[in-house]
Q: 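Okay, here's the structure, questions in a sec.
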Amino acid sequence: MRAPHRGPREADTGPDLWVVVPAYNEERAIGATLAALAAQDDTGFSLVVVDNASTDGTARIVREFARSAPFPVVLVSESEPGAGTAADTGFRYAVRGGARLLLRTDADCLPARDWTAVARAEFGRGGEMLCGRSVPRRDERPGFAEAWLLPALVRLTSLYGRYRAAHRDPCYRAPYVLCHGHNLGITAGLYLRCGGAPREPLEEGSEDVELLNRARQHSARIVRVERLVVENSLRRLRSWGARRTLLWYWDRRYRPADTKEVHVR
């Protein structure tokens with residue numbers, strides 16, 4: 001096992017960068033996510049996995065991974081449902097543990113090998129919130145529409161978000177940018193100043209957009225980072241289709257009648 005790459009501050013004080021992964025019934029997916037984190041060029045970080053009341057083997061897989069992981073791994077529990085709720089629990093745990101820099105991805109995603117290194121460099125340039133790029137998971141063999149047309153449509157709709165009246169209020173100190181909850185970074189200081197991620201069920205709103213807008217009220221140093229890349233699962237798109245998936249991400253204009261269906265597995 002290779003030795004973790006650590007920055008100068010971490011040699012004596014422990015990692016200042018913490019990665020948070022919310023997880024709900026991700027027994028089949030989280031192993032690949034953990035492997036992608038273990039394969040990072042920069043493993044000088046701590047990992048917090050937040051088990052959001054899973055009923056499968058998610059926690060067991062995390063515990064097994066922790067035995068040989070190249071960085072500290074903590075498994076915490078959050079019984080209140082919601083990705084934003086679980087992320088908030090993880091972020092606040094990390095801050096109490098000494099984190100200055102926070103990263104989040106999801107338990108069905110694959111961060112690029114340089115993900116943590118790129119984030120650390122961008123924080124070093126003064127960014128207080130980093131909004132990275134999402135691409136389809138290559139191991140799910142996306143077709144042309146999944147790989148190119150839908151991402152292009154998402155970028156186009158993000159322009160609507162940028163010029164939407166509600167996102168151009170004078171209270172905002174930074175422009176609106178496209179932000180994905182499964183690929184973002186934020187300093188601990190800004191996270192606490194802005195109030196953090198909303199603690200609400202997944203079907204109630206886009207916790208990533210809400211966190212972005214909260215942060216924009218407190219900092220002008222919010223940046224879109226195209227080279228901060230995470231591969232995202234296509235399972236929601238393939239289960240719901242393009243129209244319902246886009247409406248879901250557009251202010252939850254589509255919601256399944258059974259709230260259990262918001263968790264596509």
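Here the structure is a predicted model, which is why all the values come from computation and not from measurement. Position 1 is the first residue of the sequence, and the numbers go up from there.
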Q: Minimum heavy-atom separation for Ala23 and Val49, please, with both atom names.
A: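 Closest approach of Ala23 to Val49, heavy atoms only: CB-CG1, 4.3 Å.
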
Q: Evaluate the criterion side-chain contact (heavy atoms from CB on, under 4.5 Å) for residue pair Cys179 and Met129; output intermediate values, then yes/no.
A: CA-CA 10 Å; Cys179 182; Met129 184 171 184; 4.0 Å; yes

Q: Under a single-linkage definition using a 4.5 Å side-chain heavy-atom cutoff for Ile, Leu, Val, Met, Phe, Trp and Tyr, are Ile61 and Val73 assigned to the same hydrophobic cluster?
A: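 Linked within one cluster.
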
Q: Do Gln40 and Thr116 meet the criterion of a side-chain donor-acceptor pair at a distance under 3.5 Å?
A: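 Side-chain D/A pair, Gln40 to Thr116: present.
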
Q: Should Val229 and Trp148 be regarded as members of a common hydrophobic cluster, given that ILVMFWY residues are connected when their side-chain heavy atoms come within less than 4.5 Å of each other, either directly or indirectly?
A: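 Shared cluster, no.
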
Q: Does Arg238 CZ have over 12 foreign heavy atoms under 6.0 Å away?
A: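 Yes, the 6.0 Å shell around CZ holds more than 12 heavy atoms from other groups.
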
Q: Please report the shortest heavy-atom distance between Ala83 and Arg104, naming the atom on each side.
A: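 For Ala83 versus Arg104, the nearest heavy atoms are CB-NH2, 3.9 Å.
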
Q: Report yes or no: does Asp51 contribute a side-chain atom to a donor-acceptor pair with the main-chain N or O of Ser54 at less than 3.5 Å?
A: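 Yes: the side chain of Asp51 pairs with the backbone of Ser54.
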
Q: Quick check: does any side chain N or O of Arg224 sit under 3.5 Å from a backbone N or O of Gly132, one acting as donor and the other as acceptor?
A: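 Confirmed, Arg224 side chain pairs with Gly132 backbone.
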
Q: Is the shortest side-chain N to carboxylate O distance from Arg60 to Glu27 below 4.0 Å?
A: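 Here Arg60 pairs with Glu27 in a salt bridge, since their nearest N and O are under 4.0 Å apart.
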
Q: In terms of hydrophobic clusters joined by side-chain contacts under 4.5 Å, are Tyr93 and Val50 together?
A: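 In one cluster: yes.
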
Q: Over 60° means perpendicular and under 30° means parallel, so classify the ring planes of Tyr254 and Trp240, tilted if in between.
A: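 Geometry flag for Tyr254 against Trp240: perpendicular rings.
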
Q: Sub-3.5 Å donor-acceptor pair from the side chain of Ser219 to the main-chain atoms of Arg221, do we have one?
A: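 Side chain of Ser219 to backbone of Arg221: a pair is present.
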
Q: If hydrophobic clusters are built from ILVMFWY residues whose side chains come within less than 4.5 Å, do Leu34 and Leu110 share one?
A: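 Hydrophobic grouping puts Leu34 apart from Leu110.
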
Q: Using a strict 4.0 Å threshold on nitrogen-to-oxygen distance, state whether Asp16 and Arg120 make a salt bridge.
A: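 Yes, this pair counts.
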
Q: Which heavy atom in Ala59 sits nearest to a heavy atom in Leu75, and how many Å separate them?
A: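 It is CB-CD2, 3.7 Å.
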
Q: For the residue pair Arg199 and Thr89, establish whether any side-chain heavy-atom pair is separated by less than 4.5 Å.
A: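 In short, these two side chains touch, coming nearer than 4.5 Å.
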
Q: Tell me, do Arg214 and Pro198 make a side-chain contact under 4.5 Å, heavy atoms counted?
A: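 A side-chain contact exists here, since the closest heavy-atom pair is under 4.5 Å.
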
Q: Going from CG on Leu103 to CG on Leu130, what distance comes out if it is rounded to the nearest 0.5 angstrom?
A: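 The CG atom of Leu103 sits 7.0 Å away from the CG atom of Leu130.
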
Q: Considering only NZ, NE, NH1 and NH2 on the basic side and carboxylate oxygens on the acidic side, decide whether Asp258 and Lys260 come within less than 4.0 Å.
A: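 Lys260 and Asp258: not salt-bridged.
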
Q: So, Arg216 side chain and Tyr172 main chain: donor-acceptor pair closer than 3.5 Å or not?
A: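 Not confirmed, Arg216 side chain does not pair with Tyr172 backbone.
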
Q: Among residues two or more places apart or on two chains, list those pairs meeting salt bridge (charged side-chain N to carboxylate O under 4.0 Å, His left out) that have a residue in residues 169-180.
A: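 Every pair satisfying salt bridge (charged side-chain N to carboxylate O under 4.0 Å, His left out) with a residue in residues 169-180: there are none.
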
Q: What is the distance from atom CZ of Phe65 to atom CD1 of Ile30, rounded to the nearest 0.5 Å?
A: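 The distance works out to 9.5 Å.
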
Q: Is any side-chain heavy atom of Cys131 less than 4.5 Å from a side-chain heavy atom of Leu178?
A: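 When only atoms from C-beta onward are counted, Leu178 and Cys131 do not touch, as no gap falls below 4.5 Å.
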
Q: Give the minimum heavy-atom separation between Arg236 and Tyr249, together with the two atoms involved.
A: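 Distance-wise, the nearest heavy atoms are NE-OH, 3.7 Å.
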
Q: From Thr58 OG1 over to Asn52 CG, what is the distance, rounded to the nearest 0.5 angstrom?
A: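 One finds 10.5 Å between OG1 of Thr58 and CG of Asn52.
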
Q: Determine, step by step, whether Thr245 and Ser239 satisfy the side-chain contact (heavy atoms from CB on, under 4.5 Å) criterion, reporting the C-alpha distance in whole Å, the side-chain angles of both residues, the deciding distance to 0.1 Å, and the verdict.
A: CA-CA 9 Å; Thr245 299; Ser239 177; over 6 Å; no

Q: Say whether Val264 and Tyr24 are linked into one hydrophobic cluster, either directly or through other cluster members, by side-chain heavy-atom distances under 4.5 angstrom.
A: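 No.
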
Q: Within the 4.5 Å heavy-atom criterion, are His180 and Asn232 side-chain neighbours or not?
A: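 His180 vs Asn232: side chains apart.
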
Q: Between Glu122 and Arg227, does any NZ, NE, NH1 or NH2 come within less than 4.0 Å of an OD or OE carboxylate oxygen?
A: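 Result for this pair is yes, salt bridge flagged.
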
Q: With no hydrogens and no angle check, is any side-chain donor or acceptor of Asn213 less than 3.5 Å from a backbone partner on His167?
A: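 Looks like no, no N/O pair under 3.5 Å.
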
Q: Is it true that a side-chain atom of Tyr191 and a backbone atom of Leu101 form a donor plus acceptor pair closer than 3.5 Å?
A: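 Side chain of Tyr191 to backbone of Leu101, a donor-acceptor pair under 3.5 Å: no, none is there.
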
Q: How about Val230 and Ser134: do any of their side-chain heavy atoms sit closer than 4.5 Å?
A: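 SC-SC contact between Val230 and Ser134 ruled out.
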
Q: Would you give the length of the straight line joining atom CD of Glu146 to atom CG of Leu234, rounded to the nearest 0.5 angstrom?
A: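 Here the interatomic distance stands at 5.0 Å.
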
Q: Of all the heavy-atom pairs spanning Cys194 and Leu211, show the shortest one and how long it is.
A: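 Looking at all heavy atoms of both residues, the shortest contact is SG-CD1, 4.0 Å.
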
Q: If you draw the axis of the six-membered ring of Trp248, does the NZ or CZ of Arg252 fall within 45° of it and under 6.0 Å from the ring centre?
A: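 Because its charged atom sits under 6.0 Å from the ring centre and within 45° of the axis, Arg252 does stack over Trp248.
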
Q: Between Leu37 and Val21, is there a side-chain heavy-atom distance shorter than 4.5 Å?
A: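 Result yes, sub-4.5 Å side-chain heavy-atom pair found.
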
Q: For a side chain to side chain contact (heavy atoms under 4.5 Å, CB included) with Leu47, tell me which candidate from Val74, Val20, Val19 qualifies.
A: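 That would be Val19; it is the only one of Val74, Val20, Val19 passing the side chain to side chain contact (heavy atoms under 4.5 Å, CB included) with Leu47.
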
Q: Give me the one residue out of Arg137, His182, Arg138 that meets side chain to side chain donor-acceptor pair (under 3.5 Å) with Glu231.
A: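 Between Glu231 and the candidates, side chain to side chain donor-acceptor pair (under 3.5 Å) is satisfied uniquely by Arg138.
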
Q: Between Val209 and Tyr176, is any pair of side-chain heavy atoms under 4.5 Å apart?
A: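 Touching, per the 4.5 Å side-chain cut-off.
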
Q: Rounded to the nearest 0.5 Å, what separation is found between the CG atom of Asn25 and the CG atom of Asp56?
A: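 Here the rounded value is 4.0 Å.
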
Q: Any Lys/Arg nitrogen of Asp251 or Arg164 sitting under 4.0 Å from an Asp/Glu carboxylate oxygen of the other?
A: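 Salt bridge present between Asp251 and Arg164.
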
Q: So which atom in Ile186 and which in Phe123 form the shortest heavy-atom distance, rounded to 0.1 Å?
A: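 Taking every non-hydrogen atom into account, N-CZ, 3.5 Å.
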
Q: Spell out, as yes or no, whether a donor-acceptor pair under 3.5 Å connects the side chain of Thr33 to the backbone of Cys109.
A: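 Yes; judged by distance alone, with no hydrogens or angles, the pair exists.
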
Q: Just verifying a value: how many Å separate Leu202 CG and His263 NE2, rounded to the nearest 0.5 Å?
A: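 Going from the CG atom of Leu202 to the NE2 atom of His263 covers 5.5 Å.
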
Q: Going by atom types alone, do Glu78 and Thr85 pair a side-chain donor with an acceptor below 3.5 Å?
A: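 The criterion, which ignores hydrogens and geometry beyond distance, is not satisfied for Thr85 and Glu78.
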
